[in-house]
Amino acid sequence: MNLSIIIPAFNEEKGIVPVVTELRQVLAGAGMSAEILVVNDGSTDGTSDALTSSGLNVKIIKNDQNLGYGASLRRGIAAASGDWILITDADGTYPAAAIGELVARARGGDSAMVV
């Protein structure tokens, strides 16, 4: 499976590294890998710097100004190389532990989308 994870982020300096770290841990535990793209949506804090200094393997896409959640999703999806797209939030709203179940459900049927 070729998976890309898109994370729109606006002023998530304190939360983005723990979210990406948890994603990497969950993926590793499930024997999966993924491209992770963080779309920094015009943040005025240190969101990009936090990611860069963390050493985590992520692709950072920067919007020069805040374009909103939908525009950031579209930008991330357009830049993704995966055949499968997973969207999550930078504030930890969605549990990374659910990735395995989501992928299993997507693989197991004719669904175009699994939520």
Side-chain angles (χ1 to χ4, degrees):
M1 164 180 275
N2 190 0
L3 178 66
S4 293
I5 300 176
I6 312 300
I7 309 171
F10 177 67
N11 290 339
E12 292 290 349
E13 176 182 14
K14 294 186 186 331
I16 191 64
V17 170
V19 165
V20 174
T21 299
E22 182 182 12
L23 285 169
R24 288 279 180 221
Q25 290 170 345
V26 167
L27 290 166
M32 299 171 58
S33 63
E35 163 190 54
I36 297 179
L37 298 95
V38 175
V39 182
N40 183 355
D41 191 22
S43 295
T44 56
D45 67 357
T47 297
S48 288
D49 293 337
L51 283 168
T52 302
S53 66
S54 72
L56 293 167
N57 183 21
V58 298
K59 180 177 181 180
I60 302 170
I61 301 167
K62 294 180 185 177
N63 294 340
D64 291 332
Q65 62 186 22
N66 183 262
L67 300 177
Y69 190 81
S72 294
L73 283 179
R74 286 190 301 277
R75 190 141 186 238
I77 291 167
S81 64
D83 298 320
W84 295 70
I85 303 290
L86 186 139
I87 298 167
T88 193
D89 286 346
D91 62 1
T93 300
Y94 302 109
I99 291 173
E101 181 180 351
L102 290 169
V103 168
R105 288 180 182 260
R107 283 183 172 163
D110 294 330
S111 302
M113 182 175 186
V114 179
V115 180

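Predicted model only: the values in this text are computed from it and were never measured.
- Atom OG of S33 sits about 8.0 Å away from atom CG of N2, to the nearest 0.5 Å.
- A donor-acceptor distance shorter than 3.5 angstrom exists from the side chain of S54 to the backbone of L51, with no hydrogens or angles considered.
- With sequence neighbours left out, T93 forms a side chain to side chain contact (heavy atoms under 4.5 Å, CB included) with D89, D91.
- Contact between R75 and K62 at its shortest, heavy atoms only, is NH1-O, 3.0 Å.
- With sequence neighbours left out, the side chain to side chain donor-acceptor pair (under 3.5 Å) criterion links S53 to no other residue.
- The salt bridge (charged side-chain N to carboxylate O under 4.0 Å, His left out) search around R105 returns E101, not counting sequence neighbours.
- Follow the hydrophobic side-chain contacts under 4.5 Å out from I5 and you never reach Y94; the two are in separate clusters.
- Across A90 and A9, no two heavy atoms sit closer than the pair CB-CB, 3.8 Å.
- For the atom pair K59 NZ and I36 CD1, the distance stands at 13.5 Å (nearest 0.5 Å).
- Side-chain heavy-atom separations under 4.5 angstrom define the hydrophobic clusters, and L67 shares its cluster with no other residue.
- In the hydrophobic clustering (ILVMFWY side chains linked at under 4.5 Å, chained through shared members), I77 is joined by I6, L37, V39, I61, Y69, L73, I85, I87.
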Listing, residues 17-30 side-chain donor-acceptor contacts under 3.5 Å, not counting sequence neighbours, or none:
residue: T21; atom: OG1; partner: V17; partner atom: O; Å: 2.8
residue: R24; atom: NH1; partner: A34; partner atom: O; Å: 3.0
residue: R24; atom: NH2; partner: N57; partner atom: O; Å: 2.3

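- With sequence neighbours left out, the side chain to side chain donor-acceptor pair (under 3.5 Å) criterion links S48 to N40.
- Evaluation of the side chain to side chain contact (heavy atoms under 4.5 Å, CB included) rule for D45 yields N11, E13, S43, T47 as partners, not counting sequence neighbours.
- A pairwise comparison of heavy atoms in D41 and G68 identifies OD2-N, 2.8 Å as the closest pair.
- Transitive grouping of hydrophobic side chains (ILVMFWY, heavy atoms separated by less than 4.5 Å) brings I99 and I16 into a common cluster.
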